[in-house]
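First comes the structure, then the notes that go with it.
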Amino acid sequence: MKTNMEIAVIFDEIADILEFKGDNPFKIKAYRSAARTIGSLTQDLQHVAKRGELTKIPGIGAAISKKIEEIIRTGKLRLHEELKKSIPEGLLEMLKIPGLGVKTVSKIYEHFGISSVEDLERLAKERRLRKLPGLGPKVEERILKGIEQYKRQKGVILLWRALPLAERLLEELKQVSGVQKAAVAGDIRRMKDIVSGIDILVAADKPEDLFKAFSRLGSVENLNLDGEGGAASAVVAGVPVRLKIAPLESFSAALLTLTGSEAHVNSLKALASAAGMKLNERGLFKVEGGVERRVRGKTEEEIYERLGLCYVPPELREGRNEVKAAAEGKLPRLLELLEVRGDLHVHTSWSDGARSIEDMALSAVGLGYEYVAICDHSKSTAGGLSEEELRRQIAEVEEVNERFERRGLHFRVLAGVEVDIKEDGKLVLGDDVLSELDVVVAAVHSKFSLDAKAMTRRIAAAMENEHVSIIAHLTGRLLGKREPYAVDIDAIMEKARETGTILELNAYPNRLDLNDEHCRLAKEYGVKIAISTDAHDATQLQFMSFGVAIARRGWLEAKDVVNTLPLKELLKVI
DNA sequence: GCCGTTTTCGGCCCGACTGTTTTCAGTCG
């Protein structure tokens, strides 16, 4: 069984290899776009294939759909295997270094005959790369920095990659005979943006059967069994999976301790000990005269209750004062996905999105939303809009709204834009056209390498613009790919409070920007948050759940988040 | 390899940025 991501990687590698071979650039682009679409698909490709609807996915035609079917059927793709044999292994890895593309890697390979990141690093350190025509000291330096970054982010596992895999493994394990209960634990359960792997806890009669079943699951590698400890570990689809078996009576305590975090669990243990009890993965016990007696604790809720605490949702279990708050009954009533009433940042085919305004709006209707804000790029970024084009788009938004009204749909498409903030803090679109919009989202898309002072001044200047309601993806990070740019978060929070600017929590799962701690800080400052998906396709509206997870980790409640407001009140705020 | 209200061939986004050049190539979004 291959995940969407694994299938996407295969097509991406095919594109890379074809590019090395100088194949038709448009064919290469087709493979790349297919890979990107598959990678960000929210439904499992196997299901789509089963329904025979692969070619309905934009960018997937007859040839690629056949290849997807081959991968699903056989676990691999012949073409891919053959292509991989045709070039030195390390070249593909070299491509993953940011700032390095096929052209430069080819040039280096042809001249030096090297094909590994290690050799590349050595050459750069020996200052030999700069001897090649077209390369110089700056590029050499950039490559070294890129290698450093690549090494740092190499093993990073993103929540949105691990979560679907975890859910699928859980479903498969639940089918095994003798399994009484099973749950995902660990940092995935706490919904960390980056996770260490997948932890699954199972209560089972016959551990041997479970282990056997586990070893037979698709693409399990490096299986490691610890029969006595009731544990097994393996690598599935490149992700470490840790399986733990517990007796049914200990399930909740085991789930609690396995969910962590360590800091949170340690606080609970200390609390238990202070109350003459003992908490470990086997259960909660009363200790009297050296004798341990199990305290009733069938559920996690009961364990917390016995410790004199309100239930602490997994997202809060980070050792950030949540135990104290739970003791005082001061935990926030965390935001729920169902409280979200709209999405304030989505793209359409007017810029680099895949769908029309109406398509995106109808999908938002399907999610039960009351509104969606169309915020395409402004000129200078990703096929963005000029003033004139934006005015035409506003007109189309109005048409869609009129059509909806005639059909009796209580839904509003908001006219917006994601306007670029220039280096000097000015916006690339004039105030005239911005004043005609319902919502203006401003964002940095260039000159990422400014120092913190300049970047902060730049963003703060944009916040001063009276038309700007929201600042998008504040730090510009791309998880596993690009570090956040330097910016003084406190100064931005201060400026946001002063100007009443809303900060976006970008829910696109490789951004999640603001992060959880920024959210909590915003709340302290009294700065409001908009959770927006930045969807570039209709299915990506579902990324909202990742944004809500991060908001919950940041202690946010519905009242902290503007897109929980009904339309009328929202309009006042934006 | 994909796509089609110009539909089975022929076109497929393009500008910003950077570093290298001295008018351009490579990478990125």
Side-chain angles (χ1 to χ4, degrees), chain A residues 10-12 14-40 54-68 70 77 79-80 83 94-110 124 129-146 149-150 347-354 356 376-386 389 418 420-424 428 443-450 472-473 476-478 481-483 485 506 508 510-511 513 534 536:
Chain A
I10 290 176
F11 289 124
D12 226 8
I14 290 177
D16 286 340
I17 300 168
L18 293 180
E19 207 172 340
F20 274 118
K21 293 174 166 296
D23 208 311
N24 176 359
F26 298 108
K27 190 202 276 190
I28 293 164
K29 216 183 88 176
Y31 275 114
R32 263 199 223 296
S33 94
R36 208 175 45 205
T37 308
I38 292 168
S40 64
L54 285 175
T55 53
K56 283 194 183 166
I57 302 171
I60 311 279
I64 292 186
S65 74
K66 277 226 175 65
K67 293 186 173 79
I68 294 174
E70 183 184 333
L77 183 62
L79 172 73
H80 179 233
L83 282 174
M94 286 164 75
L95 275 187
K96 292 184 186 143
I97 296 164
L100 266 189
V102 168
K103 294 282 163 60
T104 312
V105 170
S106 288
K107 197 190 286 178
I108 294 171
Y109 170 63
E110 275 159 27
L129 289 180
R130 64 178 68 182
K131 299 207 173 72
L132 286 186
L135 302 193
K138 289 275 177 70
V139 172
E140 212 170 55
E141 207 176 296
R142 195 179 64 201
I143 289 175
L144 278 175
K145 264 197 188 143
Q149 193 185 329
Y150 166 68
H347 293 266
T348 72
S349 47
W350 279 76
S351 67
D352 59 348
S356 67
D376 274 307
H377 291 287
S378 59
K379 60 185 174 189
S380 80
T381 294
L385 280 53
S386 65
E389 288 165 322
E418 179 184 14
D420 278 3
I421 306 172
K422 291 193 279 193
E423 187 177 357
D424 60 4
V428 303
V444 166
H445 286 110
S446 61
K447 294 265 187 186
F448 295 153
S449 52
L450 293 182
H473 45 69
R477 74 171 182 176
L478 295 175
K481 199 165 173 201
R482 187 171 72 207
E483 304 282 347
Y485 38 71
N506 191 296
Y508 207 94
N510 72 344
R511 286 190 182 269
D513 176 12
D534 205 350
H536 284 64

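Lettering follows sequence order; numbering is per chain, from 1.
Considering only side-chain N and O atoms, A:Thr104 lies under 4.0 angstrom from the phosphate OP1 or OP2 of B:dT27. Contact annotation: A:Ser446 side-chain N/O to B:dC17 OP1/OP2 distance is under 4.0 Å. Listed pair A:Arg482 / B:dG29 meets the phosphate criterion, a side-chain N or O lying under 4.0 Å from OP1 or OP2.
Residue A:Pro58 is in sugar-phosphate contact alone, with no base atom involved, counting any heavy-atom pair closer than 4.0 Å across all strands shown. No contact: A:Arg36 has no heavy atom under 4.0 Å from any strand. Residue contacts for A:Ala62: at a heavy-atom cut-off of 4.0 Å it reaches the sugar-phosphate backbone alone, with no base atom in range.
Under the salt bridge (charged side-chain N to carboxylate O under 4.0 Å, His left out) criterion, A:Lys27 pairs with A:Asp23, sequence neighbours left out. Contacts of A:Phe26 classified as ring pair (Phe, Tyr, Trp, His ring centres under 6.0 Å), with partners at least two apart in sequence or in another chain: none. Partners of A:Tyr150 under the ring pair (Phe, Tyr, Trp, His ring centres under 6.0 Å) rule, at least two apart in sequence or in another chain, do not exist in this structure. In this structure A:Ser386 satisfies the side-chain hydrogen bond (donor to acceptor under 3.5 Å, both in side chains) test together with A:Glu389, sequence neighbours excluded.
What separates CZ of A:Arg142 from P of B:dC17 is a distance of 15 Å, to the nearest Å. Spacing between atom CD1 of A:Ile14 and atom P of B:dG1 amounts to 9 Å, rounded to whole angstrom units. Atoms NZ (A:Lys422) and C1' (B:dC17) sit 16 Å apart, rounded to a whole Å. Atoms CZ (A:Arg32) and P (B:dC2) sit 15 Å apart, rounded to a whole Å. The interatomic distance linking A:Lys96 (NZ) with B:dT27 (C1') rounds to 18 Å, in whole Å. With rounding to whole Å, A:Asp12 atom CG is found 15 Å from B:dG1 atom C1'. Between the CZ atom of A:Arg130 and the C1' atom of B:dG19 there is a distance of 13 Å, given to the nearest Å. One interatomic measurement links the two molecules: NE2 of A:His377 to C1' of B:dA16, which rounds to 14 Å at whole-angstrom precision.
A donor-acceptor pair is defined here as one N or O able to donate and one able to accept, closer than 3.5 Å; no such pair exists between the side chain of A:Lys67 and the backbone of A:His80. No side-chain donor-acceptor contact under 3.5 Å links A:Thr104 to the backbone of A:Leu100.
Proximity of A:Val139 to A:Arg142: side-chain heavy atoms (C-beta onward) are separated by under 4.5 Å at one or more points. For the pair A:Ile14 and A:Leu77, the minimum side-chain heavy-atom distance is below 4.5 Å.
Under the Watson-Crick and G-U wobble criteria, each requiring two contacts below 3.5 Å, nucleotide B:dT8 is left unpaired.
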Nucleotide-resolved protein contact map, nucleotides 20-25 of chain B, B/S/- at heavy-atom distance under 4.0 Å:
S-----
Protein proximity profile, nucleotides 8-14 of chain B - base contact B, sugar-phosphate-only contact S, no contact -, cut-off 4.0 Å on heavy atoms:
----BS-
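Nucleotides of DNA chain B nearest to A:Leu95 and A:Lys447 differ in position, and the one nearer the 5' end is that of A:Lys447. Both A:Tyr31 and A:Phe448 lie close to DNA chain B; mapped to their nearest nucleotides by heavy-atom distance, the more 5′-ward contact belongs to A:Tyr31.
A distance of about 13 Å separates the P atoms of B:dT8 and B:dG4, rounded to the whole Å. For the C1' atoms, the distance linking B:dT21 with B:dG26 amounts to 13 Å, nearest Å. Rounded to a whole angstrom, the distance from the C1' atom of B:dT7 to that of B:dC12 is 16 Å. Here, B:dC13 and B:dC3 have their P atoms 13 Å apart, quoted to the whole Å. Only the C1' atoms considered, B:dT27 is 14 Å distant from B:dT20, to the nearest whole Å.
Between A:Arg32 and A:Glu19 there is a salt bridge, since at least one side-chain N of the basic residue sits less than 4.0 Å from a carboxylate O of the acidic one.
Summarising the geometry, atom CD1 belonging to A:Ile38 is positioned 9.0 Å from atom OG belonging to A:Ser33; distances are rounded to the nearest 0.5 Å.
Counting only heavy atoms from C-beta on, A:Ala30 has its side chain closest to B:dC2 among B:dC17, B:dC2, B:dT27.
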Quick one: do A:His445 and A:His473 satisfy side-chain contact (heavy atoms from CB on, under 4.5 Å)? Show the steps, please.
CA-CA 10 Å; A:His445 286 110; A:His473 45 69; 3.6 Å; yes
